[in-house]
*Asks:* 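This is the structure I want to talk about, given as structure tokens.
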Number of protein chains: 2
Amino acid sequence: MLYAGFMSAALPPFPQPQENVGPPELLQLGTGTDADEPCLRADAARNRARLLEAAERLVAEHGAGALTMEAVAAAACVGKGTVFRRFGDRTGLLAALLDHSERKFQAALLSGPPPLGPGAPPVERLRAFGCALLRRSIDELDLLLAGEPSAERRHTFPPRRFLRHHVALLLREAVPDADSELLSHTLMAYLDAALIHHLTQQCGLPAERVRAGWLDLVARVTRTDGPVPAADTPATAPSA
Amino acid sequence: MLYAGFMSAALPPFPQPQENVGPPELLQLGTGTDADEPCLRADAARNRARLLEAAERLVAEHGAGALTMEAVAAAACVGKGTVFRRFGDRTGLLAALLDHSERKFQAALLSGPPPLGPGAPPVERLRAFGCALLRRSIDELDLLLAGEPSAERRHTFPPRRFLRHHVALLLREAVPDADSELLSHTLMAYLDAALIHHLTQQCGLPAERVRAGWLDLVARVTRTDGPVPAADTPATAPSA
DNA sequence: ATCTCAAACGGACCGCGGTCCAGTTTCCTT
DNA sequence: AAGGAAACTGGACCGCGGTCCGTTTGAGAT
């Protein structure tokens, strides 16, 4: 339960759209077990499992874009209301499907081996972070794209918040003089699923170029050495 | 008709979701007149005007987020089908509402006075571009947010394509050695409406800080002088 | 074993975005 | 002026996300 359990706890009566409360910065490694939900009633747990299994199957069959809540409910032999009670909304269900991959990634960041996990210098960790996230995003593009929250919620979505926060921490270390909050948004934006999809699927760019773009971006943003230009200052505008 | 008329032409039978075809890079200044639609039938033009007026009023009254296609149709005394025939979908209608501001902005870029328009050095134009777009985005946040296309379409949306292309051109001039296509996506992402909304409305950052963030970002990305750090190279990782 | 009640269930229900198509209007042709 | 086809219209219709609420069920208390 890395980022405070995100989409797990049982919802009160029903009204609440869930949305985890609690500071996303205060994340801790839970109990160490993979205990998913705190204390779900037996039938609830059973149905949750059924639903996830059914959803996974349907996604594999018809793609995440074609997944409908009703279909999941039907495939799991469960009422529609149950799906919403458990996962809040479509976005929540898709997020739950990504949960496993999400946790693995977070664990790698927090306690994995050095280039990605702690131990390496921050710029290097940034580079590794982007490359790893890029790979993951390409793998899970379907789910990520279909599960993207609405514009208003996008940046408060816990998984994204967590990753962004991580980047901000690294940046703060790597570039102490910068506004690391704002820069972290910029870096995260480059790794946005919709952008990755556009570049690789719609424009046909090879993943390698996108990866190179990340390394270059990190170099520029942290003002470390990249490919490094010629020798003289830029073209037209020295500007002060 | 700056970017090839975008959401104007009459649609064939109906099926097409419209989506302008034609290279967005080949934009030209149309006839110079403000001729909106090429050759709309009299009743169609009348209804189009009615619909836009009604939509504008409803947005002013209840906010863009609460705008429903049915309400617009009703307020304009027109059938629902007509709204969709004219504007394709909700996104199209919102885009039409933004059209005026959009054109003004594009005109300023293409033929306005120097800091923003042609004449100034590219880095300076980039700076001006961001600041101007930032202002505009804050002004029109409601519409921009509500009108944001789905993840798959976001980056092929003509207005955005146009702006991104503009940034790419400036970058190509300012930083010839860089992958200006990829970098332009990064810069545009910083100016994304959803991000602006998050930073200013949800996090409460003052617009001035966001603006400063843009200037800093441009400096880093173009490797021109920004606030400039201490004197020694970054903290931990010189890396090659 | 039973009692009790919060928790969970499920499907009817709602609203909205989007589509369809039979009927109407415009405008071009002759 | 008349005719005809393309363009346009409007509202019934559909599917899906999301909500409501009367009913059922699991599990601690007695």
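Keep in mind that this is a model prediction, so the values were computed, not measured. Protein chains get the first letters and strands the later ones, always in sequence-line order, with residue 1 at the start of each. Worth knowing before you read on, the calculation uses all heavy atoms, side chains too, and leaves out hydrogens, waters and symmetry mates.
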*Asks:* Looking only at side-chain atoms of A/R41, point me to the closest of C/dC9, D/dC8, C/dA7.
*Replies:* C/dA7

*Asks:* Measuring from atom CG of A/L67 to atom NE2 of A/H62, what distance do you get when rounded to the nearest 0.5 angstrom?
*Replies:* 10.0 Å

*Asks:* Less than 3.5 Å apart, any donor N or O on the side chain of A/Q201 or A/H197 sitting next to an acceptor on the other?
*Replies:* no

*Asks:* Just wondering, more than 12 heavy atoms not from A/R172 lying within 6.0 Å of its CZ?
*Replies:* no

*Asks:* Tell me the interatomic distance from A/R85, atom CZ, to D/dT24, atom C1', rounded to whole angstroms.
*Replies:* 13 Å

*Asks:* Output the rounded distance in Å from CE (B/M69) to P (C/dG18).
*Replies:* 6 Å

*Asks:* Just call it for A/T82: base, sugar-phosphate, or nothing, with non-hydrogen atoms closer than 4.0 Å on any strand.
*Replies:* base

*Asks:* Rounded off to whole Å, could you give me the CG-to-C1' distance for the B/D89 and D/dG15 pair?
*Replies:* 17 Å

*Asks:* For B/L93 and C/dC16, what is the distance between atoms CG and P respectively, to the nearest whole Å?
*Replies:* 15 Å

*Asks:* Around B/Q202, counting heavy atoms of other residues, nucleotides and ligands shown, do more than 12 lie under 6.0 Å from its CD?
*Replies:* yes

*Asks:* Atom CG of B/L67 to atom P of C/dC16: distance rounded to whole Å?
*Replies:* 11 Å

*Asks:* Considering heavy-atom distances to DNA chain C, does A/V78 or B/R46 have its closest nucleotide positioned more toward the 5' end?
*Replies:* A/V78

*Asks:* Give the rounded distance in Å between these two atoms: CZ of A/F87 and P of D/dG17.
*Replies:* 15 Å

*Asks:* A/E70 side chain: which of D/dA27, D/dC16, D/dC8 is closest?
*Replies:* D/dC16

*Asks:* So, OP1 or OP2 of C/dC9: does either fall under 4.0 Å of a side-chain N or O from A/R86?
*Replies:* yes

*Asks:* Hey, is the side chain of A/N47 poking within less than 4.0 Å of OP1 or OP2 on C/dA8, counting only N and O atoms?
*Replies:* no

*Asks:* Whole Å only: how far is the NZ atom of B/K80 from the P atom of D/dC13?
*Replies:* 13 Å

*Asks:* In whole angstrom, what separates B/F84's CZ from D/dC14's P?
*Replies:* 17 Å

*Asks:* Please compare B/T68 and A/C77 by the position of their nearest nucleotide in DNA chain C and report the one closer to 5'.
*Replies:* A/C77

*Asks:* Under a 3.5 Å threshold, yes or no: a donor from one side chain and an acceptor from the other, between A/R161 and A/T156?
*Replies:* no

